[in-house]
Amino acid sequence: MSALPPVLPRPRPQRHVLQGRYVRLEPLDPVRHAAYLFAAMQGDAGAERYGYLADAVPADVAAMRAWAAAAAVPDDPLMFAVVDVASGRALGRQSLLRIVPEHGSIEIGHVLWSGAMARTRLATEAFYLHARHAFDDLGYRRFEWKCNDRNAASKRAALRFGFSFEGVFRQHMWVKGQNRDTAWFSMLDGEWQRGVRAAFERWLAPGNFDSAGRQHQPLGTAQKKAPR
């Protein structure tokens, strides 16, 4: 017997705060977030993180505030600041975009995580909060991750988070005076429900970290053990 068809369209995401244990996602606000985002992205590492993004490195806080004022307006992409619960400071940003309620498809993108949060439980939880919102709160069928095919770190992150690689769209974009081939990844609602969500929750549990914040069990190992 075939599965029942999905109930479509799905609701569009709104400007709601998504609260986690280590971070919360706040709708981008130029007044509250711009100065923190600018401070978080200072130095060569910050400039490097902008390399694969469409926007340029802001020259100063005023430029960051101007970017944030423009980026906070659209509903697609719907931009969020990633705020560290412990300090109250915005350490990164990410968005929900290419939102297609009639097909139940949504993407996470415009990801910019500072060195203070990249490759930590803050970044992993920031991703988890948007995935959980897309699948559990909004009922979307498909969650997407796309990146420049030359961005090896982003592709590794997609696989670590449980996405499946779907292929490369050649000559997909022209960004900052260069060709961009785009690598496509997806996660489906059934995959999320049958193991990926539980793997994230196990990994993010406080007992998975020592006093210095080092993980006991890697997320990739937890996902491989999860039933599919």
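By the rule that hydrophobic residues join a cluster once side-chain heavy atoms approach within less than 4.5 Å of another member, F165 and V111 end up as members of one cluster. The same ILVMFWY cluster, assembled from side-chain heavy atoms under 4.5 Å apart, contains both L138 and I108.
Of the possible donor and acceptor atoms, one in the side chain of R10 sits under 3.5 Å from a partner among the backbone N and O of V7. Side chain of D29 to backbone of H33: no donor-acceptor contact under 3.5 angstrom is found. Under a 3.5 Å cut-off, the side chain of Q215 and the backbone N or O of G213 do not form any donor-acceptor pair. At distances below 3.5 Å, not a single donor-acceptor pair connects side-chain atoms of Y140 with backbone N or O atoms of D189. Between the side chain of N148 and the backbone N or O of R180 there is no donor-acceptor pair closer than 3.5 Å. Proximity of a side-chain donor or acceptor of R65 to a complementary backbone N or O of D60 within less than 3.5 Å is not detected. Side-chain atoms of S105 do not come within 3.5 Å of backbone N or O of V100 as any donor-acceptor pair.
Judged by a 6.0 Å distance limit and a 45° cone about the ring axis, R121 is positioned over the six-membered ring of Y22. Figure legend: R160 and W203 shown as a cation-pi pair, the cationic atom lying under 6.0 angstrom from the six-membered ring centre and within 45 degrees of its axis.
Checking W145 against S154 by side-chain atom types alone, a donor-acceptor pair falls below 3.5 Å. Judged by distance alone, the side chains of H133 and D137 do bring a donor and an acceptor atom under 3.5 Å apart. For the residue pair H110 and Q94, no side-chain donor N or O sits within less than 3.5 Å of a side-chain acceptor on the partner.
A centroid separation of less than 6.0 Å is found between the aromatic rings of F163 and F127.
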Quiz item: For D75 and I99, what are the C-alpha separation, side-chain angles and deciding distance, and is it a side chain to side chain contact (heavy atoms under 4.5 Å, CB included)?
Solution: CA-CA 9 Å; D75 293 325; I99 304 161; over 6 Å; no
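Under 4.0 Å is where a charged nitrogen must lie from a carboxylate oxygen, and between D136 and R197 at least one such pair does.
Below 30°, between 30° and 60°, or above 60°: for F143 and F135 the angle between ring planes is above 60°, a perpendicular geometry.
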